[in-house]
Q: 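Shown below is the structure under consideration.
Note that these values count all heavy atoms, side chains included, but never hydrogens, waters or copies made by symmetry. Letters go in sequence order (proteins before strands), and every chain restarts at 1.
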Amino acid sequence: MAKRIEATDVTAYYGGFKAIENISLTVEPKTVTALIGPSGCGKSTFLRSINRMHEVLPGARVEGSLTIDNQDIYDRDVDVTAVRRMIGMVFQRPNPFPTMSIFENVVAGLRLNGVRRKSILEEAAEKALRSANLWDEVKDRLGKPGAGLSGGQQQRLCIARTIAVEPQVVLMDEPCSALDPISTLAIEDLMFQLKDKFTIIIVTHNMQQAARVSDRTAFFSIEKTGDPGRLIEYDNTQKIFSNPSQKKTEDYITGRFG
Amino acid sequence: MGDTPHRSAHAGTGGTRVATSHEWPAGASARVAEPSGTPGMPDNGLGGGGGLPRARAFGAERAFRGLTLAAGTTVLVVIAAIAIFLIAKAVPALRANSESFWTFEGWFPNDDPPKFGIGALAFGTVLTALLALLMAVPVALGIALYLSHYAPRRLGNGLGFLIDLLAAVPSVVFGLWGRDYFAQPVADLSAWLNRYFGWIPIFGDGPYGNSILLGSVVLAIMVLPIVTSLSREVFRQTPTANEEAALALGATRWEMVRTAVLPYGRPGVIAAVMLGLGRALGETIALALTLGSTYAISFNILQSGGNSIAANIANRFAEANDTGRGALIASGLVLFAITLIVNITARAIIYRRREFTESAA
């Protein structure tokens, strides 16, 4: 299920603005990789490049090579929707479809893939909601609007929606930044369980979170505003937080900068 | 810089006034404050000293509230006045009517005894409006989606502006254009429809000319800009987060529109369609010029004929006597009732999924 992601010299632009430059890193299957760094250093941009969501914005483009199990996802013959189905994404703010019920939200991706059979959808919905640790809370109100849940529940609903289509990789863009500490804990627990099946890449501003959940950590930074973000250091999380090899990384994780 | 001393003088008095609200600088500064034109002014609550300031008995807040209340009441008064006037004028004519107002197909209120019926007019009104919507709404939604989600931004804005311009064309222009230039193509189309689709009852025999079809096509063009413009606005309001959620699930652009944009915009689109329907139902001069002004109920939309309540009022008002005017006013009341029913239905449709639309807000 899980796959290896290899980025080589990835450079991304917003129109004329170069947001990240020459990012190269490899993400192993069934691991949690955290992307940390100060605001505006391009970690979200890099994350969005991985499932080709970056190019959704007008004028945005990506150079360099990104492969998933040696398949170039930016190959001209590759169907972009297939890439996004393979590489799911959870966003910063919970974004369930407001007009859909909890059930419809979870199976939205499956329906997009043409699954129509009610029994299959129900089974998949339960499985995804259980994986997202949400089943017990919502099993009696699957027909209610998804937007009626609490913020933490909504975010877990979005995770359920993402994993319902059984992607290989799950990208999370600061998934807890809009949540309270208890909901955050629930989602961190969830990440531990999910990495049995998926490769997870998470962007976070919270260094404790990165230290708690991730196996590997990538530290991004910028020289000054307007400069492109660069990858400063990428190593085992323990090494990054205990004995980083770069001065900049140390300054950042000890709170002296950023 | 000539006014600098002046300004600083103001600043000085301002400062002392603030100071008076504190308890401790009671001496000199309070005495300076008094000649500045506020003798005996109560503690105005600036600063931290003293008790809480009292609520003002009268101020901009209250005045504004009164103003809005008056404005709101005016609507009710005006509507009530209109209703009373219309009913008072309509009732004598309805009493004098020697035929059934609901079923008689004809309009002779000036005769003795007067004979007139609303049936054919109401039928024509609803039929032209519905046909117009049937033609306009799919096109309008297509344009709106294109402008909001497919067209490059600048092209979208430009085209949107043109659409809004279309809404500003006076309806008499549409009517004259429809009567003088568009009638012939529509007649040709009618003949073609009759030849190949004549087995469908609505595409019956001629003569072709000023028909329901012509009227509703012209009406459709007039309704198009309203529905387009509003739907486009609604579609643009779709939260980016929802669009991205759909895309990230592997949706194509059209699937994204179907999953995120259309459901989100649904109540707004219904409202837009209802506004369009309101315009179509009430449209007067364009239909007066393009319909055949007959008084028969017929589903043959190709044949010369058709009429609507508003068009009939425009056509017959000049020649009407007292009873005639009363009869036209009665027809206006029926139009009012139809519009009311349409609006209530629309609200009911929007209200049905309130749970979902409210949590979306």
Q: So which of A:Q92, A:R93, A:R85 has the biggest tally of heavy-atom pairs under 4.5 Å with chain B?
A: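 Result: the option with the highest number of such pairs is A:R85.
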Q: Check each atom of A:P96 against the heavy atoms of chain B and say whether the ones under 4.5 Å are side chain, backbone, both or neither.
A: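 The backbone, not the side chain.
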Q: Would B:Y146 and B:F235 satisfy ring pair (Phe, Tyr, Trp, His ring centres under 6.0 Å), going step by step from the backbone distance to the final call?
A: CA-CA 10 Å; B:Y146 175 73; B:F235 291 149; over 10 Å; no
Q: Measure the shortest side-chain to side-chain distance between B:T259 and A:M100 over non-hydrogen atoms and say whether it is less than 4.5 angstrom.
A: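 Contact flag for B:T259/A:M100 side chains = yes.
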Q: Ignoring hydrogens, what is the shortest heavy-atom contact between A:Q154 and A:A147? Give both atom names and the distance.
A: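 In this case the closest contact between A:Q154 and A:A147 is NE2-O, 3.1 Å.
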Q: If I measure from the heavy atoms of chain B, does A:F91 come under 4.5 Å with its side chain, its backbone, both, or neither?
A: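 For A:F91, the contact with chain B is made by the side chain alone.
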Q: Could you check if a side-chain atom of A:R161 sits within less than 4.5 angstrom of a side-chain atom of A:N95, using non-hydrogen atoms only?
A: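 Yes - at least one pair of side-chain heavy atoms lies under 4.5 Å apart.
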Q: Using a cut-off of under 4.5 Å for heavy-atom pairs, which of B:A260, B:A246, B:P152 has the most such pairs with chain A?
A: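 Highest number of heavy-atom pairs under 4.5 Å: B:A246.
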Q: Check the surroundings of atom CD in A:Q193: do more than 12 heavy atoms from other residues, nucleotides or ligands lie under 6.0 Å from it?
A: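 Yes, CD of A:Q193 has more than 12 neighbouring heavy atoms, counting only those of other groups under 6.0 Å.
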Q: Between A:T204 and A:N206, is any side-chain donor less than 3.5 angstrom from a side-chain acceptor?
A: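 A:N206 and A:T204 do not have a side-chain donor-acceptor pair below 3.5 Å.
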Q: Specify the closest pair of heavy atoms between A:S49 and A:I20, including all atoms of both residues, with the distance to one decimal.
A: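 A:S49 and A:I20 have their closest heavy atoms at OG-CD1, 4.4 Å.
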Q: With a 4.5 angstrom heavy-atom cut-off, could you sort out which part of B:E244 is near chain A: side chain, backbone, both or neither?
A: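 For B:E244, backbone and side chain are both near chain A.
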Q: Any idea which of B:A241, B:A251, B:A248 has the most non-hydrogen atom pairs under 4.5 angstrom with chain A?
A: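 Maximum pair count with chain A is reached by B:A248.
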Q: Hey, which residues of residues 108-117 of chain A are touching chain B, say heavy atoms under 4.5 Å apart?
A: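 The stretch touches chain B at A:A108, A:G109, A:L112.
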Q: Taking only residues at least two apart or on different chains, which pairs with a member in residues 46-68 of chain A satisfy ring pair (Phe, Tyr, Trp, His ring centres under 6.0 Å)?
A: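 Checked against ring pair (Phe, Tyr, Trp, His ring centres under 6.0 Å) - neighbours excluded - the pairs reaching residues 46-68 of chain A are A:Y14-A:H54, A:F46-A:F220.
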Q: Without hydrogens or angle criteria, can the side chains of B:E283 and B:S171 be said to hold a donor-acceptor pair below 3.5 Å?
A: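 Short answer, yes.
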